[in-house]
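Atoms within a ligand are numbered from 1 in the order they appear, just like the ligands themselves. This chain uses plain numbering: 1 for the first residue, then up along the sequence.
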Amino acid sequence: MTSGEIRKKYLEFFESKGHRVIPSASLIPENDPSVLFTTAGMHPLVPYLLGEKHPSGNRLVDVQKCIRTGDIEEVGDANHHTFFEMLGNWSLGDYFKKEAIEYSFEFLTSKEWLGLDKNRLSVSVFEGDSDAPFDDEAFEKWKSLGISEKRIAKLPKKNNWWGPAGEIGPCGPDTEMFYWIGDPEKTPESFNDDNPEWLEIWNDVFMQYNKTAEGNFVPLTQKNVDTGMGLERTLAVMNSLDDNYKTDLFCPIIEKIENLSTKKYDGENIKAMRIIADHLKATTFILGDEKGIAPGNTGQGYVLRRLIRRAIRYGKQISLKSFTKQISEVVVTMYKDVYPELSKNKDFIFNNLNQEEEKFEKTLENGLKEFEKGTNPFVLFTSYGFPFELTKELAKEKGIEIDENKFNEELKKHQDLSRTSSAGMFKGGLSDAGEETKKLHTATHLLRQALEIVLGESIRQKGSNINSERLRFDFGFSRKMADEEKQKVETLVNQKISENLPVNKVIMKKEEAEKTGAVHAFGDKYGDEVSIYYIGKSLDKAWSKEFCGGPHAENTGDLASIEGPEENPRDKERKRIFKITKEEAVSLGVRRIKAVLE
Ligand code: SER
């Protein structure tokens, strides 16, 4: 069975059960400050899980492209991927556990559909705890379908609970399906979730709770079903393959790598080839997404850069050079019918890959020279972008000892400091923030303070994202802001801009910093030393002070100035003003403001 056939069967099956097909959403989440990428089909559907009406009705089915980078270091085994496709069926307040499980069982085992052997099927259900009871409904349903009790594991939250996608929101117990991929003659009588030969292929989540900011699980009035079936794994199972990289979703990529490297996909080459195939596929999809994310030092761009660089590093192990574009071409060809955005954006994909590869080659060259001179590994990493893994490899070749603990300590300190950045997005390098982003970053601090004054309570920052056009600020607040409140906030910010207040930074010990009353954006994740940005004449009398890594404008007056490549003398008399362009809900209890310097 091919990947195309599985996608088609899945959609057809659920259409026959009254579901409407919806297209895959973008890989870059629109309304979720808690994740950089769409990691599951539920992300784009959160508003509908919370009760908003979906234009296509309350039974939906889709194939969603997903990116998970949480265990990027684990990629290299037979069935974990950075990019994967998730088949999902959705009930938005329509059917619940009984039907969801019946549909899953029928699709998996009926001859008309996948026709998998029901004797090689195991499941798990939620065992219950103080937040929610044992899921006896799911348990009984599986039993009634002929799954023996020994094949139904009762497991805790860690295993059988899904969501919320961020800190708060819809979530609930789930039931997971596993297929025996070992010798069919030796299928064990009972299920053991430690045995990797029981491969998880599908997850039905019963969204019946909403997790609140206080950590309570409140029953949802609308009960939903969210299921997720990994296409790559299912395809391998359907073709009795123990390696996803041998399926049609990877074969052409692996073949291309074999050709370019003149090495075979076996022995010690396997891991490198898998990582290259996985990372460059993910890279192609991120670059090919309509949002136009390019490699950079922040946010999604940073993840993208890491994926590309990691692929290149593993490429070196099998003597590949200038290869990323050629691999990516194969990916575009493979997927272009299912995801037309890839061919549409192929120039953007290939140009960025070429540029990034060239840049990284230079980094490696310079880093190598510095290494020869005996430069400290940490400086190599922070100032030259030279990966520590490479330093280690080189040191090993030359019989030099490297103090890995010391490196990790220094790195931790460095990261904690960058995390204090209010945007959280400048992590890993402040250098690529342009003048406009700096101004908007300062505007974000002014906005935060103004919100606190106008809304009259300590609002908690949930996320911030800045590009050269606008700022975006997410904060905990329970209701829509009134027009009047928005105006007050704008006026306050503009007043501070017109006061030409200096923006300054001090670095101090964390305990001292806390005493200054500066705002912490991200809980307790700070190192010993922190930097505080304050706006005003002195730290004592500052109008705003925050733990933050910068960078910022030097003076609030800069925010009003019009400058740049198209500078026009007449602009000297014109001033920009701070303006809120949008105020909306992101999820329960979290509001989002978008604002510009107009
Ligand atoms: N959200 C669940 C998962 O990702 C089911 O779709 O596994």
Problem set entry | Arg68, portion touching ligand 1 at heavy-atom distance under 4.0 Å |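 For Arg68, only side-chain atoms sit under 4.0 Å from ligand 1.
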Exercise. So which bit of Asp174 gets within less than 4.0 Å of ligand 1, heavy atoms only: side chain, backbone, both or neither?
Worked result: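 Asp174 to ligand 1: no contact under 4.0 Å from either part.
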Exercise. Who's the nearest protein heavy-atom neighbour of atom 7 (O) of ligand 1, and how far?
Worked result: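 Its nearest protein heavy-atom neighbour is Asn203 ND2, 3.0 Å.
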For this session: Can you pull out the closest protein heavy atom to atom 5 (C) of ligand 1? Residue, atom name and distance to 0.1 Å, please.
Result: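 Atom 5 (C) of ligand 1 sits closest to the protein heavy atom Asp226 OD1, 3.1 Å.
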Which of the atoms of ligand 1 are close to [X], meaning less than 4.0 Å from one of its heavy atoms?
X	value
Gly228	5 (C), 6 (O)
Val205	2 (C), 5 (C)
Met86	3 (C), 4 (O), 6 (O), 7 (O)

Exercise. Are the side chains of Phe323 and Ile276 in touch, meaning some heavy atoms are under 4.5 Å apart?
Worked result: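 When only atoms from C-beta onward are counted, Ile276 and Phe323 do touch, with a gap below 4.5 Å.
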Exercise. Do the two ring centres, one from Phe250 and one from His81, sit under 6.0 Å apart?
Worked result: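 Yes, ring centres under 6.0 Å apart.
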For this session: May I ask you to decide if the ring planes of Trp161 and Tyr209 are parallel, tilted or perpendicular, using 30° and 60° as cut-offs?
Result: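 Because their plane-to-plane angle is under 30°, the rings of Trp161 and Tyr209 count as parallel.
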Exercise. Going by the angle between their ring planes, with limits at 30° and 60°, are Phe191 and Phe178 parallel, tilted or perpendicular?
Worked result: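 Tilted, since the angle between the ring planes falls between 30° and 60°.
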For this session: Tell me whether the guanidinium CZ or amine NZ of Lys281 lies under 6.0 angstrom from the six-membered ring centre of Tyr245 and within 45° of its axis.
Result: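 Checked: cation-pi criterion not met.
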Problem set entry | Heteroatom distance test (Met42, ligand 1): nitrogen or oxygen, under 3.5 angstrom |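 No; every N/O pair is 3.5 Å or more apart.
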Exercise. Are the side chain of Thr38 and the backbone of Ser26 linked by a donor-acceptor contact shorter than 3.5 Å?
Worked result: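 Checked: pair present.
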Exercise. Which one of Trp202, Trp90, Trp162 has a non-hydrogen atom at the shortest distance from atom 3 (C) of ligand 1?
Worked result: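 When every heavy atom of Trp202, Trp90, Trp162 is considered, Trp162 comes closest to atom 3 (C) of ligand 1.
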Exercise. Hey, is Glu290 close enough to Lys344 for a salt bridge, meaning N to O under 4.0 Å?
Worked result: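 Between Lys344 and Glu290 there is a salt bridge, with a charged N closer than 4.0 Å to a carboxylate O.
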